[in-house]
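FYI, side chains are in, hydrogens and waters are out, and symmetry mates aren't considered; it's all heavy atoms of this structure. Within every chain, numbering begins at 1; the chains are lettered A, B, ... in the order of the sequence lines, protein sequences first and strands thereafter.
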There are 2 protein chains.
Amino acid sequence: MTIQRKYKVLVVDDEPDIVELLEYNLEKEGYEVQTASNGKKALAIAKTFVPDLVLLDIMMPEMDGVETCRQLRQRTELANSFIIFLTARSEEYSEIAAFDVGADDYLTKPIRPRALMSRINALFRRDVQKTSPDEHDVIRIGDFVIDRTSYTLMKGEVQITLPKKEFELLYFLSSNPNKVFSRDDLLHHIWGADVYVLARTVDVHIRRVREKIGEDYITTVKGVGYKFEMPK
Amino acid sequence: MTIQRKYKVLVVDDEPDIVELLEYNLEKEGYEVQTASNGKKALAIAKTFVPDLVLLDIMMPEMDGVETCRQLRQRTELANSFIIFLTARSEEYSEIAAFDVGADDYLTKPIRPRALMSRINALFRRDVQKTSPDEHDVIRIGDFVIDRTSYTLMKGEVQITLPKKEFELLYFLSSNPNKVFSRDDLLHHIWGADVYVLARTVDVHIRRVREKIGEDYITTVKGVGYKFEMPK
DNA sequence: AGCTATATTTCACACACAATTAACTATTTG
DNA sequence: CAAATAGTTAATTGTGTGTGAAATATAGCT
């Protein structure tokens with residue numbers, strides 16, 4: 001299976017064998033994996049790693065999976081992440097509590113890698129479908145129709161196809177019209193948190209977009225950043 | 001309203017080269033940096049400096065990073081600070097101990113400045129999109145709409161985009177209408193506590209704002225300062 | 001694999017304009 | 001009518017941004 005963006009998975013379990021098994025299989029499937037051996041570490045890592053999926057053992061020393069889950073869910077940046085519990089067949093006690101604190105699914109050990117992988121892959125496939133045929137992928141503003149499904153842009157009757165970054169930039173700016181974003185903001189939303197690119201790169205992309213859609217739509221606010229606005 | 005304050009970083013490492021590299025890059029990014037070459041000195045500095053972030057080498061003479069971290073964490077004033085460990089790739093021994101004593105993250109040397117900076121910036125960044133539908137950034141007073149998200153000002157039907165300092169000045173004054181602020185107050189709030197600028201500078205900015213919004217809104221109180229008020 | 005085209009990032013320089021200072025004038029106040 | 005404070009305009013400094021071009025990376029194709 002091929003993954004367009006590299007999804008991030010955080011594996012939390014106190015048994016090194018399990019961690020290793022999961023890590024190996026996930027990386028083979030093309031996921032980016034981080035591991036933690038207890039809840040505290042998981043929370044710490046999640047501060048900078050921001051996983052799309054957390055595999056969480058329920059039984060752990062210090063802070064158990066349920067509590068960890070609760071605290072993870074309090075982070076707004078994890079609102080759209082999946083959390084799957086791992087549980088030994090015996091420990092059924094927690095099933096209900098697990099869903100109460102915001103788990104999306106749970107799996108019983110022993111883990112069968114094949115099954116797990118296909119389940120995880122399915123998770124993200126569904127995720128993709130959910131967001132793709134959505135109405136929200138088209139932004140209409142002024143005489144523009146900005147269509148995320150085709151990466152094209154209609155300015156009146158004229159169709160313009162933009163390359164990825166340029167399109168993302170325009171799309172993001174136009175989805176928050178009149179709001180000023182700093183270059184760092186734009187880098188984080190479009191390039192991603194863990195990509196190390198110079199802020200000046202944004203300038204160049206802004207220029208290219210301006211060349212293609214016209215000079216009057218993206219405004220510079222000196223010392224602050226850029227905003228999209230319709231001219232009067 | 002709060003202006004981005006200067007975050008403080010304490011760099012602790014016994015290798016001068018590393019310290020210098022980090023210090024240089026952090027200061028270039030606008031952080032206030034103090035350095036220490038071992039754990040004891042770090043603890044001493046932290047008494048008066050109170051860093052928002054500590055970059056802590058694990059392997060150090062006298063007192064190692066783990067122990068230093070533990071003692072730092074006992075200080076209540078550092079409860080909300082970040083602590084990031086620096087570790088050579090080989091010294092994996094300490095990963096677990098590190099999180100146990102309250103580290104937030106760890107990085108392996110060799111250090112890639114750009115990646116590190118981006119990661120640190122991310123730590124202090126508040127999520128952007130979250131704040132977008134918020135109305136709190138808009139001040140409505142009389143026939144003015146002063147919008148911090150777009151750095152624009154509507155006076156009736158007329159839109160005016162102000163440059164950064166001018167906008168901040170107007171925004172600050174108008175968020176406390178009828179209250180008089182001395183030039184020092186304004187410098188302190190808008191320019192920041194540790195910036196040395198002549199108080200006369202405020203006059204000039206006031207002049208510019210008056211030119212753009214009209215002469216009747218910012219009133220001078222001689223011997224005291226300025227205030228924003230709607231004319232009768 | 002290699003080649004080509006295109007996208008993306010970096011770099012360097014010039015320029016515009018914001019920010020600050022300076023110099024001078026006007027006004028208030030005791 | 002001094003002395004102090006603020007207004008005004010101009011000159012200077014400084015920073016941020018625009019721009020073209022070069023360097024890398026990526027994708028598509030034979």
Could you go through residues 162-169 of chain A and list every donor-acceptor pair under 3.5 Å that involves a side-chain atom there, pairing it with any protein atom two or more places apart or in another chain?
residue  : atom : partner  : partner atom : Å
A:Glu166 : OE1  : A:Lys212 : NZ           : 2.8
A:Glu168 : OE1  : A:Arg148 : NH2          : 2.3
A:Glu168 : OE2  : A:Arg148 : NH2          : 3.4
A:Glu168 : OE2  : A:Tyr151 : OH           : 2.8

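Between B:His205 and B:Trp191, the ring planes are perpendicular. Angles over 60° get that label, and only those under 30° would be called parallel. Aromatic ring pairs are classed by plane angle as parallel below 30°, tilted from 30° to 60° and perpendicular above 60°; the pair A:Phe228 and A:Phe144 is perpendicular.
Smallest separation of non-hydrogen atoms from A:Leu22 and A:Leu55: CD1-CD1, 4.3 Å. Nearest heavy atom pair, residue B:Phe49 against residue B:Leu10, reads CE2-N, 4.3 Å. Considering every non-hydrogen atom in both A:Ala199 and A:Leu187, the closest pair reads CA-CD1, 3.7 Å.
Scanning for side chain to side chain contact (heavy atoms under 4.5 Å, CB included) contacts around A:Val50 gives A:Glu77, A:Leu78, with sequence neighbours left out. Considering only residues two or more places apart in sequence or on other chains, A:Asp203 meets the salt bridge (charged side-chain N to carboxylate O under 4.0 Å, His left out) condition with A:Arg183, A:Arg200.
One finds the CG atom of B:Leu173 at 11.0 Å from the NZ atom of B:Lys179 (value rounded to the nearest 0.5 Å).
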- [ ] Spell out protein contact along nucleotides 1-13 of chain D as letters: B when the base is contacted, S when just the sugar-phosphate is, - when no protein heavy atom is under 4.0 Å; keep the 5' to 3' order.
- [x] ----BBSSB----

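Within the 3.5 Å criterion, the main-chain N or O of A:Lys8 finds a donor-acceptor partner in the side chain of A:Asp52.
Axis orientation changes by 30° from one end of the helix from C:dA1-D:dT30 to C:dG30-D:dC1 to the other, with each end axis drawn from 5 pairs and the value rounded to 10°.
One can place CG of A:Leu198 at 14 Å from P of D:dA25, the figure rounded to the nearest angstrom.
The span of DNA chain C lying next to chain A, judged by atoms under 4.0 Å from heavy atoms, is bounded 5' to 3' by C:dA7 to C:dA18.
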